[in-house]
Protein chains: 2
Amino acid sequence: MDRAAETTAKIIAAATEVFSEAGFSGARVDEIAARSGVNKATIYYHIGNKKVLYGEVMHNVMGNLAMHLARDVKEAQTPEQRLKAYVRNFVATINLNPHLPPIIMRELASGGKNLPEVATKDMNAVVGILASILEDGATRGDFAVMSPFIVHAMILGAIILFKVSSPIRARIEVLPEELKGDRISPEVAAELERLALKMVREERQKD
Amino acid sequence: MDRAAETTAKIIAAATEVFSEAGFSGARVDEIAARSGVNKATIYYHIGNKKVLYGEVMHNVMGNLAMHLARDVKEAQTPEQRLKAYVRNFVATINLNPHLPPIIMRELASGGKNLPEVATKDMNAVVGILASILEDGATRGDFAVMSPFIVHAMILGAIILFKVSSPIRARIEVLPEELKGDRISPEVAAELERLALKMVREERQKD
DNA sequence: AACTAGTTTAACTAAACGGTTAGTATCGGC
DNA sequence: GCCGATACTAACCGTTTAGTTAAACTAGTT
């Protein structure tokens, strides 16, 4: 890695942290500079300005969600396994990338105005992957016909909310140990998988 | 309503909008002043400073979630009806109070540092209400034993995510009409109720 | 060592920001 | 009408912010 790339990487890493903690408006370029160990003008030299830096961070942090998801899901055999892989992939992504939920949530809170076009396409693709899982399961008679987006909102909403509520959960009494802590524990992940499956299954007994 | 109360109400209303759109750091006191139709110094006269104003807005926008919820849930007869009332109450609250999700989400993104103690108590109480619904249902053999917090995260996570994703949903293709729009439609609300019930029901057939 | 291009810096700048000040307006009581 | 208290204002203030600049530094090449 050459010098410019190394410096840029340091800047992006620090910016990811600071933007994750404080949001775009709350983040200070001076703070990002201090955390990356470079002079503030270096950021302007390599990146351009605060907004472009934010865009880089968003692009970086979001990665290629849909691509990774598609790969993981593809390796599973049945719709049930694929749905589990769907949930597991999000849990793993968020556990690996703790800066993602705060950044996403602030963006969503602001109406997604700054989300790059590629992020919107990714979301389209993610919902599309879930749609095909559900469709396949429905064709086999294992899943009920239902709205992919609503299922997606319940799964992802829970994962994100779970993740960011970590400091608040610590203040809520009477929560078992696996419901505390910053990471989504294997127990919680398993429960989310179980509930996702339960939600989509064709009901065997009509009310 | 006397003069001071009227001015204060105008300030709080404008502040609620601006904080909802831009977050704490992004909101400009000048903007809040302009929207409320008063001079900026009037805000400092009546409220004190930006942070206190934010606290007022948060206190105002969060109201007494748990109290309203408890009342609605209490009027229902069976655990199933109470769970439906639980979902319905959140949907109604958020449809009535569109500024709540963005504000909550930003707060959660920042680790809940600015959430008033009363808000944490409310969350405690909300999860407690759900816990008693689930417990009651489990005692009757209708509901499975499960974690109230995870169920809560799936319901509330979906409702919040649904609400704030409105501008992005508009850009996602192939969504049916009732999944578009700013409000959570009755169809979507009904589906969330149905899925919540499905999630918590005692499974009639073991795998 | 000299040169060059790229990189980084300390110091600086204009604009923006939350907050303040001195003065004015309004209201109710006497 | 006068007065005091409260409410409101235009103009102002000190600090902070994102961004800029000229000079210094670094590394590679000849």
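In the text below, chain A, chain B and the rest are named by the order of the sequence lines, each starting its count at 1. Computed from a predicted model, the values in this text were never measured in an experiment.
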Distances under 3.5 Å between protein N/O atoms and the N/O atoms of nucleotides 24-30 of chain C, please, pair by pair.
none

Sort me out a list of protein N/O and nucleotides 19-23 of chain C N/O pairs below 3.5 Å, or just none if empty.
unit_1: C:dG19; atom_1: OP2; unit_2: B:Y44; atom_2: OH; d: 3.1
unit_1: C:dG19; atom_1: OP2; unit_2: B:K50; atom_2: N; d: 2.8
unit_1: C:dG19; atom_1: N7; unit_2: B:K40; atom_2: NZ; d: 3.3
unit_1: C:dG19; atom_1: O6; unit_2: B:K40; atom_2: NZ; d: 3.1

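The heavy-atom pair separating B:A158 from B:L192 by the smallest distance is CB-CD2, 4.1 Å. Summarising the geometry of B:K50 relative to B:Y44, their closest heavy-atom pair is N-CE2, 4.5 Å, with the distance given to 0.1 Å. Scanning all heavy atoms of the two residues, the minimum distance from B:A196 to B:I155 falls at CB-CD1, 4.0 Å. Across all non-hydrogen atoms, the minimal contact from A:V52 to A:I47 is CG1-O, 3.5 Å.
Interatomic distance, B:S147 OG to A:E191 CD, rounded to the nearest 0.5 Å: 7.0 Å. Rounding to the nearest 0.5 angstrom, the gap separating the CD atom in A:E80 from the CG atom in A:D136 is 11.5 Å. To the nearest 0.5 Å, atoms CE (B:M199) and CE (A:M199) are separated by 6.0 Å. Within the model, atoms NE2 of A:H46 and NZ of A:K10 stand 9.5 Å from one another, a figure rounded to the nearest 0.5 Å. The distance from the CD1 atom of B:I104 to the CG atom of B:L156 is 8.0 Å, given to the nearest 0.5 Å. The CD1 atom of B:I94 sits 6.0 Å away from atom CD1 of B:I159, with the distance rounded to the nearest 0.5 Å.
Shown here are the side-chain contact (heavy atoms from CB on, under 4.5 Å) partners of B:A76, two or more places apart in sequence or in another chain: B:Q81, B:R82.
For the pair A:T42 and C:dT9, the criterion of a side-chain N or O lying under 4.0 Å from OP1 or OP2 is met. Considering only side-chain N and O atoms, B:R28 lies under 4.0 angstrom from the phosphate OP1 or OP2 of C:dG18. Within the 4.0 Å cut-off from OP1 or OP2 of C:dT8, at least one side-chain nitrogen or oxygen of A:H46 is found.
Contacts of residues 10-22 of chain B with DNA chain C (heavy atom under 4.0 Å): none.
Comparing the local axis fitted to the first five base pairs of the helix from C:dA1-D:dT30 to C:dC30-D:dG1 with the one fitted to its last five gives a bend of 10°, rounded to 10°.
The residues A:R35 and A:E31 are annotated as salt-bridged, a charged nitrogen and a carboxylate oxygen being separated by less than 4.0 angstrom.
Side-chain contact annotation: B:S20 with B:R106, donor-acceptor N/O pair under 3.5 Å absent.
Between B:Y54 and B:F19, the two ring planes are perpendicular [angle over 60°; tilted spans 30° to 60°].
Contact annotation for A:A33: no contact, since no heavy-atom pair falls under 4.0 Å across all strands.
Put simply, chain B comes within 4.0 Å of DNA chain D, heavy atom to any atom, from D:dT6 to D:dA10, going 5' to 3'.
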Worksheet item: Between B:R88 and B:E193, does a side chain to side chain contact (heavy atoms under 4.5 Å, CB included) hold up when you go through it step by step?
Response: CA-CA 7 Å; B:R88 231 170 8 244; B:E193 284 173 33; 3.3 Å; yes

